[in-house]
Amino acid sequence: MGNDKTNMFVAIGLSLVVLLGWHYFVTGPATERQKQATAQSQTAGQIPGQPGVPTADGLPAPSPQQGGPSAPVPGTLPAPAAGPVSREDAIARSARVRVDTPALYGSVALKGARIDDVSLKNYHETVSDESPRIVLLSPTGSPNPYYAEFGWVGQNAGPLPTADTLWSADGDLVAPGKAVTLTWDNGQGLLFKRILAVDDKFMFTVRDEVENKSANPVTLYPYSLVSRWGKPHTQGYYVLHEGLIGWLGDDRLQEYSYDAIAKEPAYGGANTRGKAWSNVTGGFVGITDKYWAAAAIPEQDKPFTGAFTERTDGTTKVYQTSARGDGVTVAPNASATATQRLFAGAKEVNQINAYKRELNIREFDSMIDWGWFWFLTKPMFRALDFFFHLAGNFGVSILLVTLILKIFFLPIANRSYVSMAKMKAVQPEMMSIRERYKDDKMKQQQAMMELYKKEKINPVAGCWPVLIQIPVFFALYKVLFITIEMRHAPFFGWIQDLAAPDPTNILNLFGLLPFAAPDFIHLGVWPIIMGITMFVQMKMNPAPPDPVQAQVFTFMPIVFTFMLGSFPAGLVIYWAWNNLLSVIQQYVIMRRNGVKVELWDNLRGTFKRDKNAAAKS
C-alpha cells in the first residue's frame, strides 16, 4: 500500500473477502439446505422396545441372569395400528399430572412418569402474540416425540419401573412451591417414589427414592436421559450448534450434530452408534435447538457415565443423550435416593447463568453457543443487554453500543484518519515522485518512504478502521443470531424482529404494490440506507486515477447492499450507523487538519458523469 487510494482499496477488499467468505461458507449453504429441507422423517407409530435398544447408558440391556445391569427399555409404549396420532390424542392416552408455571405449562404422564408435554407460555412461533406457542416436548405416539426420562437400572432387583409402569400420584398439579409424589410398588419388596417439583422458570427437580423391604440387598444405578425421535429441521449455519450437547466433567464441552453422531462407531445394541464418557463429575447432557433446549442434569458431586447415541428403529432415527450414575447398594429395610434435574425451556442468557451459579451446574452457560470468540460475544451481549434495560429497545441499544465502541477506538481511528489526511495533503508531492521515477520502481518506493518518514505518515493506517470493525461485526452477528433475547425484538416502524432480515423489499416498492416479493432478492429499506452511507463514506476520498479501481469503488456499495440484504436487520442497522459515525468523524478530522473534503466534489463529479453518459447514449 503505497498511498491512501491503495490503503482504502485494500481495506475494502478485506471487508469484501470476509463478507464473500461468510456468504459462501455460512449463509449460502444454510439457504440451500433450507430450500432442500423437507418435513421431518418421523413416524411416531414406530415405537422402540425390541431387544437390543440402548439402556440409559447407551448399552444393550442384558438379562438379569447375565450378571450385568438390566434396565427398563426406553419407550415401550405399544404402537398404534394406524400410525402416529395427533399430539393431543397422544397426550390423552395416559392419565396425567398437570404442570403449570409462569413460564411453561404441560403435564407428566402417570404411565411411564416421563416429562413429555411441555409448552412455553411466553414464546410464540411468530412475532404475533396470536400465533401458536412454542411446543418443546411431546410424548411417544405423537408426530414429534421428544421427552425426558428418569429412573433406575439394576441387577437382580425384580421388576423396575418402565415406560409401561402406571404410577399413583398424591396430587394433580406440579407448580412452583407445589410438588407431587408418584409411587409404585414392584410387588417384590421394592417401593419406588418420585417427587416432582418445578421452579417458576424452566427447571424440574426429580427426586427418586427406593425403599428395600425385601430380604436381600439390591444394587441400582440412577439414570436420566433426553430422547428425540426423528431428525428435526435445523438452521444449518456453521456458526450455530444444534444437536446433542453436554459438558462432561474434565472431558469438557461435547457437541455432536445429528449427522455427526451417526458417523460414530457402532455402540451398544443393534443399529446403534454413539460415544460414551465414563467416570465424569459435573455437567449435563441434552439436546439443543437454536433457542430451546432440554438437558438432564445429574448430581454434580457424584461420578456418572454420559453417552450420546443414535439408533435406527424402522425408518426413524432416535437421538439420545443420557447420564447413568454409579451403583448404589440398598440393604434390606434401607433406602436410597437420587436427585436429578431437567432443564426444559428457552435459553435465556441471564436465567442460564443463574442456574449455573445458584445450582452449581458445571459450565451450564455453555448451553448457549458463544463460539470460539466467547471473549468478544459475551461482553457484546452484556453491553447490549445493559443498554436494553436502560432504553427498552434492543435496536437503540445497538446504536448506543456502536457509539461507545466508536468512542473507545477513537484514538486509533483518529491516528488513522489524521494519517490519511496527511497523505492527502502531500498528494501533489507523491504525484511528482511517481512522475520523476516512473521508470524506476525501486527509487520511487525509496522516495515515498522518505516522504512518509519526513511527514510522519503511516501508509497502512487506513486499514485500521476496517480491521477494527471486522471482529465487532462478527461478535454482533453471533449475538444477534444465537441469543433468544434478540428473537422477535422490535426496533421502530417495520422492523419487528432484529434477528431477521428487513421484511421490506424494493421489488414490490416496500409493500406498496399488492404482491409478495420473491425470496431470491432481499433488498429492504435498511440495506439500501446502509448502501447509501457506504457510498457517502467512499466519496469522502479522492477518486482513484486508475479506471479499474474507480469502477471497483463505484460498485462496492451496491455489492455490499445486496449481500447484507439477507443479514439480520440489527446487523444492517449497526453497519449503517457505524458508516454514518465514520463519515462525521472523518469529516471533522480532515477539516481540523486543513485537508479539503472531497465529498461534495466527488458527488457532483459522479452525477455529472452519469448525466453525460446518459446524454451520449
Fill in the blank from the handout: Checking V174, V118, L173 against V99 for side chain to side chain contact (heavy atoms under 4.5 Å, CB included), the one that qualifies is V174
Practice task
Give a yes or no on whether the backbone of G112 and the side-chain of T165 come within a donor-acceptor separation of less than 3.5 Å.
Solution key: no
Problem - Main-chain N/O of R357 paired with N353 side-chain donor or acceptor, under 3.5 Å - result: no
Fill in the blank from the handout: side-chain hydrogen bond (donor to acceptor under 3.5 Å, both in side chains) pairs touching residues 187-202, sequence neighbours excluded, are R194-D208, D199-Y355, K201-E348
Handout entry: Contact summary for P568 and L498, nearest pair of heavy atoms
Key = CB-O, 3.5 Å
Handout entry: Under 3.5 Å donor-acceptor, T483 side chain and L480 backbone
Key = no
Handout entry: Residue pair R98 / S107, side-chain donor-acceptor N/O under 3.5 Å
Key = no
Practice task
For the pair V153 and L220, evaluate side-chain contact (heavy atoms from CB on, under 4.5 Å) and give the outcome as yes or no after the intermediate values.
Solution key: CA-CA 6 Å; V153 294; L220 301 175; over 6 Å; no
All N/O donor-acceptor pairs, side-chain side in residues 278-287, below 3.5 Å, sequence neighbours left out:
none

Exercise for the section: Establish, yes or no, whether a centroid distance under 6.0 Å links the rings of F343 and F204. Expected result: no
Exercise for the section: Step through the shown structure and confirm whether more than 12 heavy atoms of other residues, nucleotides or ligands are within 6.0 Å of CG on D250. Expected result: no
Exercise for the section: Could you tell me which residues satisfy side chain to side chain contact (heavy atoms under 4.5 Å, CB included) with D289, sequence neighbours excluded, listed by chain and number? Expected result: R228, Y258, W292
Practice task
Taking S335 for its side chain and E211 for its backbone only, find out whether a donor-acceptor pair lies under 3.5 Å.
Solution key: no
Problem - S224 and Q340 side chains, donor-acceptor separation under 3.5 Å - result: yes
Problem - Within-4.5 Å side-chain heavy-atom neighbours: R133 and Y105 - result: yes
Exercise for the section: Could you tell me which non-hydrogen atom of I484 sits nearest to which non-hydrogen atom of A346, and how far apart they are? Expected result: CD1-CB, 3.5 Å
Handout entry: R487/E485 ion pair, N-O < 4.0 Å
Key = no
Practice task
Would you mind telling me which of W277, Y267, Y319 makes a ring pair (Phe, Tyr, Trp, His ring centres under 6.0 Å) with F308?
Solution key: W277
Exercise for the section: Give a yes or no on whether a salt bridge exists between K317 and E310, defined as a side-chain N under 4.0 angstrom from a carboxylate O. Expected result: yes
Practice task
Scan side-chain atoms only and decide if S214 and N212 contain a donor-acceptor pair under the 3.5 Å cut-off.
Solution key: yes
Exercise for the section: Would you please test V479 and L384 for side-chain contact (heavy atoms from CB on, under 4.5 Å) and show each step? Expected result: CA-CA 9 Å; V479 169; L384 291 171; 3.8 Å; yes
Problem - Donor-acceptor under 3.5 Å (R362 side chain, W247 main chain) - result: no
Handout entry: Inter-residue atom distance F388.CZ - S397.OG, 0.5 Å rounding
Key = 8.5 Å
Problem - Heavy-atom check, side chain of T288 versus side chain of H241, under 4.5 Å - result: yes
Exercise for the section: Could you check if a side-chain atom of L190 sits within less than 4.5 angstrom of a side-chain atom of W152, using non-hydrogen atoms only? Expected result: no
Problem - Short side-chain donor-acceptor distance under 3.5 Å, T219 and T329 - result: yes
Handout entry: Smallest separation among heavy atoms of I261 and T309, with atom names
Key = CG1-C, 4.2 Å
Practice task
Measure the NZ-CD distance between K231 and E242 for me, rounded to the nearest 0.5 Å.
Solution key: 10.5 Å
Practice task
Could you please spell out the steps behind the side-chain contact (heavy atoms from CB on, under 4.5 Å) verdict for L342 and F202?
Solution key: CA-CA 8 Å; L342 170 70; F202 311 115; over 6 Å; no
Exercise for the section: Would you check if the side chain of S131 reaches a backbone N or O of T126 as a donor-acceptor pair within less than 3.5 Å? Expected result: yes
Practice task
Taking atom CG of N122 as the centre, report whether more than 12 heavy atoms of other residues, nucleotides or ligands fall under 6.0 Å from it.
Solution key: yes
Practice task
First locate atom CG of L196, then atom CH2 of W167, and finally report the distance between them rounded to the nearest 0.5 Å.
Solution key: 9.0 Å
Exercise for the section: List in chain and number order the residues that pass side chain to side chain contact (heavy atoms under 4.5 Å, CB included) with A95, two or more places apart in sequence or in another chain; answer none if no residue qualifies. Expected result: L110
Practice task
Compare every heavy atom of T377 with every heavy atom of W374, then report the nearest pair and how far apart it is.
Solution key: CA-OG1, 3.2 Å
Practice task
For S227, enumerate each residue passing the side chain to side chain contact (heavy atoms under 4.5 Å, CB included) test, keeping only those at least two apart in sequence or located in another chain.
Solution key: Y147, L225, W229, V318, Q320
Fill in the blank from the handout: For A92, the side chain to side chain contact (heavy atoms under 4.5 Å, CB included) test, sequence neighbours excluded, returns none
Handout entry: Residue pair R207 / T337, side-chain heavy-atom distance below 4.5 Å
Key = yes
Practice task
Hey, could you give me the CH2/CG distance between W370 and D365, rounded to the nearest 0.5 Å?
Solution key: 8.5 Å
Handout entry: 4.5 Å side-chain heavy-atom contact, R341 and L359
Key = yes
Practice task
State whether D369 and K478 are salt-bridged, where the test is any N-O pair (Lys NZ or Arg NE/NH1/NH2 against Asp/Glu carboxylate O) under 4.0 Å.
Solution key: yes
Exercise for the section: Give a yes or no on whether a salt bridge exists between D185 and K213, defined as a side-chain N under 4.0 angstrom from a carboxylate O. Expected result: no
Handout entry: Euclidean distance, I195 CD1 relative to T205 OG1, rounded to 0.5 Å
Key = 10.5 Å
Handout entry: Shortest non-hydrogen contact between P139 and I91, atoms and distance
Key = CG-CG1, 3.8 Å
Handout entry: Salt-bridge contact R87-D117 (side-chain N to carboxylate O under 4.0 Å)
Key = yes
Problem - D116 side-chain N/O to S138 backbone N/O, donor-acceptor pair under 3.5 Å - result: no
Exercise for the section: Determine whether P143 and S86 make a side-chain contact, defined as any pair of heavy atoms from C-beta on separated by less than 4.5 Å. Expected result: no
Handout entry: Closest heavy-atom pair and its distance - F192, P159
Key = CE1-O, 4.3 Å
Handout entry: Lys/Arg N to Asp/Glu carboxylate O, D100 vs K178, below 4.0 Å
Key = no
Practice task
Report the relative orientation of the aromatic rings in F375 and F373; use parallel for angles under 30°, tilted for 30 to 60°, perpendicular for over 60°.
Solution key: perpendicular
Handout entry: CA sep, side-chain torsions, deciding dist, call: F304, D326, side-chain contact (heavy atoms from CB on, under 4.5 Å)
Key = CA-CA 6 Å; F304 66 91; D326 285 350; over 6 Å; no
Practice task
Could you please spell out the steps behind the salt bridge (Lys or Arg N to Asp or Glu O under 4.0 Å) verdict for K275 and E264?
Solution key: CA-CA 7 Å; K275 186 173 181 179; E264 286 297 301; 5.1 Å; no
Exercise for the section: Compare all side-chain heavy atoms of F567 with those of Y477 and state whether any distance is below 4.5 angstrom. Expected result: yes
Handout entry: Pairwise side-chain contact, M203 with V198, heavy-atom cut-off 4.5 Å (strictly under)
Key = no
Handout entry: Check: T181 main-chain N/O paired with D170 side-chain donor or acceptor under 3.5 Å
Key = yes
Problem - Distance, nearest 0.5 Å, that separates CG of L248 from CZ of R252 - result: 12.0 Å
